[in-house]
Amino acid sequence: MTAGVEKLFDQLGHFKRFQACLYFAAVFQATSCGIHYLASVFLVETPKFLCDAPANITEVLYGNHSGTSLEDIWQFYSTGKGPVVVLTAGGDQWELSPCRKALRLNALDFEYHFHGNKTVESCGGFVYDTSEVHQSIVTDWDLVCEKEWLAKLCQPTFMLGVLIGALVFGDIADRVGRRRVLMFTSLCQFTFGITVAFTGNYYFFVIMRFLLAMVSSGYLVVVFVYVTEFTGNKVRTWTSMHVHAAFAVGIMVVALVGYLVRVWWIYQIILTLSTSPFLLYCWKFPETPFYLMAKGRHQETQELLNTIAHFNGLEPTLKVSDLMEGESHEEALMPKDSKEVEVQTEKKLSILDMFGSWKMAARSATCWAIWFIGSLGYYVFSLGSVNLGGNQYINLFLAGAVEIPSYLIGCFAMDRVGRKRTCAPALLLSGVACMLIIVVPKDIEVLAIVLSMTGKFAIAIAFGLIYLYTCELYPTIIRSLAVGSGSMMCRVGSVVAPFCVYLADLWIYLPQLIVGVLAFIIGILTMFLPETLGQPLTNTLEEAEALGSKPSKKASAPGNKVGQETMEMNSVDSKA
């Protein structure tokens, strides 16, 4: 029989009707987090553009192509391969480039190549190719040339909001409860999401996106805790891992809406409205039994137990006192504040204890590296998928779609071949796939996309399991600190990822190559970590350090159910 509050799942079911309804409702809103995290892919999309053209254009030349307007040559135009030459009704000839224009002096014949003198001028405005992108914040606020950095700052700023939101709302959820935070962040997601669509300038847009990032991250952090506190340890690996799948669905929604809607503010409104039905029923969500028991709200806990029993078609025989260890029924019903709690002085641990020996230092550095590359790779593959060539909407859709089978395979592999034997090959596969992009010929875009999607598939496996693996590698006295520090490295990776994606301006496959090299190196280092499959959770640093040094009798015992007890901890958001 499971100890403590976990007993309720043995009697009321690990994942019956009540838990299933709550789970799918909460996960439905998690798709909005994937939506807002990746929405900037098309919000800040920069179409082809040139300096503002003079009035009364009569003829246009670009290389071997000619026309009577700029619209005639957009399909042939490519940045960096020469200017567009236009002739006006007054006989003036202008050379138009993205960030400057030049007036030809004393030009006679209208030809593409000109070797005479020119007068170079700065752009008074810009003209954009609207065949693909009808309207984005780049075209609305001219975020090109010397203002290009403002457009590129949007996603890193959003990821900074993700980092802060995870820290703020994770702490608030422990103080005021999971339910209140879920309701508040969901309402704010809707409010800020709609407000973003009606921002009148760039700076207000960035501020609203920053706030949207905070509440989206807050929801994603707390929903992991919420669903794992309502599901038993027999299914907790699956339920926690597949919240990631809802995030992936959000990425696919972004690709679909981006394809159908090419005006950024309408696109933003539709994305926000897609999960708004959640607001109609989230106020019915109950608080988790773990939180109610921890706060001493035993009467509410009893009501919740009765509700779960009725909903699952069971008799409400489970009492709060049955979940309390070492307390009588009367003590269990007493308010927690009225009890005298004996406070034991314990040694205060710090992050330095993770590096107390060479063995633990190497383990901690490797774990941090996995957290970092998992997040960096995840967002580089997602954000950079639109730069791979071919149809950018299909690429982004595939980047989300490949995640779903990766979590299914990851769940099976974790409980069958082990954590290390799943994580290390996944990182190595991702590294090899990405490094092979170097030898892909430029005219075979499909092969580059396949390799990139293989890298995303593999990195998602490692990204999905690192929380559980970290929990098992460290003892109880420092486990939360280990997961928290790893989560911080994860968020550092998410902030760095957009800057890495911008390196595609130097070479289209450079971001994937960087991730590939790092993933391969970290995959090799992961092979030196101890295997934790079937091992009991450790309580002291000495026990944790001894992992992998000798075979576990418990692990080799026949019929041993491996890996289940390790999911008794609450899961947190590794994407945030």
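Reckoned from all heavy atoms, side chains included, excluding hydrogens, waters and symmetry mates. For clarity, every value in this text was computed on a predicted model and none was experimentally measured. Numbers here are sequence positions counted from 1.
In this structure, Lys152 forms a cation-pi arrangement with Tyr502, its terminal cationic atom sitting closer than 6.0 Å to the ring centre and no more than 45° off the ring axis. A cation-pi arrangement is absent between Lys48 and Tyr128 under the rule of less than 6.0 angstrom and at most 45 degrees off the ring axis.
Tyr407 contributes atom OH, which lies 9.5 Å from atom CD1 of Ile461 (distance to the nearest 0.5 angstrom). Of the inter-residue distances, the one linking Trp74 atom CH2 with Thr130 atom OG1 reads 9.0 Å to the nearest 0.5 angstrom. Atom OH of Tyr77 is separated from atom NE2 of His65 by 13.5 Å, given to the nearest 0.5 angstrom. Rounding to the nearest 0.5 angstrom, the gap separating the CZ atom in Phe397 from the OH atom in Tyr259 is 13.0 Å. Rounding to the nearest 0.5 Å places CD of Gln29 at 9.0 Å from OG of Ser276. Annotation: the span from Leu376 atom CG to Trp371 atom CH2 amounts to 15.0 Å, rounded to 0.5 Å.
Across every non-hydrogen atom of Cys500 and Pro511, the tightest pair is O-CG, 3.3 Å. What you find for Phe42 and Ser136 is that their closest heavy atoms are O-CB, 4.2 Å. In terms of heavy-atom proximity, Asp140 sits nearest to Trp264 at OD2-NE1, 2.9 Å. Summarising the geometry of Ile449 relative to Asn395, their closest heavy-atom pair is CD1-OD1, 3.3 Å, with the distance given to 0.1 Å. Across all non-hydrogen atoms, the minimal contact from Leu220 to Phe224 is O-CD1, 3.1 Å. When all heavy atoms of Ala448 and Ile437 are compared, the pair lying nearest together is O-CD1, 4.3 Å.
Residues satisfying the disulfide bond (SG atoms under 2.5 Å apart) criterion with Cys51, sequence neighbours excluded, are Cys123.
Partner of Ile373 under the side-chain contact (heavy atoms from CB on, under 4.5 Å) criterion, out of Ile466, Val380, Thr526, Leu427: Leu427 alone. The side chain to side chain donor-acceptor pair (under 3.5 Å) with Gln93 is formed by just one residue from the set Arg104, Glu111, Lys118; it is Arg104.
Other residues, nucleotides and ligands place no more than 12 heavy atoms under 6.0 Å from the OH atom of Tyr203. The number of heavy atoms from other shown groups lying within 6.0 Å of CZ (Phe184) does not exceed 12. Heavy-atom contacts from other residues, nucleotides or ligands closer than 6.0 Å to CG of Asn106 number 12 or fewer. Counting non-hydrogen atoms of other residues, nucleotides and ligands closer than 6.0 Å to CG of Asp72 gives a total above 12. No more than 12 heavy-atom neighbours from other residues, nucleotides or ligands sit within 6.0 angstrom of CH2 on Trp283. Shown here is Arg100, whose CZ atom has no more than 12 heavy atoms of other residues, nucleotides or ligands within 6.0 Å.
Classified by interplanar angle (parallel below 30°, tilted 30° to 60°, perpendicular above 60°), the ring pair Tyr62/Tyr112 is perpendicular.
With Tyr267 contributing its side chain and Ala39 its backbone, the two residues share a donor-acceptor pair below 3.5 Å. Thr58 places a side-chain N or O within 3.5 Å of a backbone atom of Leu87 that can act as its donor or acceptor partner. Counting only distance, with no hydrogens or angles, the side chain of Gln512 and the backbone of Phe381 share no donor-acceptor pair below 3.5 Å. Looking only at distances, no side-chain donor or acceptor of Arg209 sits under 3.5 Å from a matching main-chain atom of Phe192. Without hydrogens or angle criteria, Thr31 side chain to Val249 main chain gives no donor-acceptor distance under 3.5 Å.
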Criterion side chain to side chain contact (heavy atoms under 4.5 Å, CB included) on Glu95 and Val84, from CA distance to verdict: CA-CA 6 Å; Glu95 294 182 2; Val84 173; over 6 Å; no

Run Tyr219 and Leu182 through side chain to side chain contact (heavy atoms under 4.5 Å, CB included) and show every step you take. CA-CA 6 Å; Tyr219 183 89; Leu182 291 182; 3.5 Å; yes

When you look at Phe499 and Met159, which way does the side chain to side chain contact (heavy atoms under 4.5 Å, CB included) test go after all the steps? CA-CA 11 Å; Phe499 295 105; Met159 288 302 181; over 6 Å; no

Side chain to side chain contact (heavy atoms under 4.5 Å, CB included) assessment of Asp52 paired with Phe126: CA-CA 4 Å; Asp52 54 330; Phe126 301 91; 6.0 Å; no

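With contacts defined as side-chain heavy-atom distances shorter than 4.5 Å, the pair Ile522/Phe372 does not qualify. You'll find the side chain of Phe204 reaches within 4.5 Å of the side chain of Met208, heavy atoms only.
Aromatic pair Phe190/Phe278: centroids not less than 6.0 angstrom apart.
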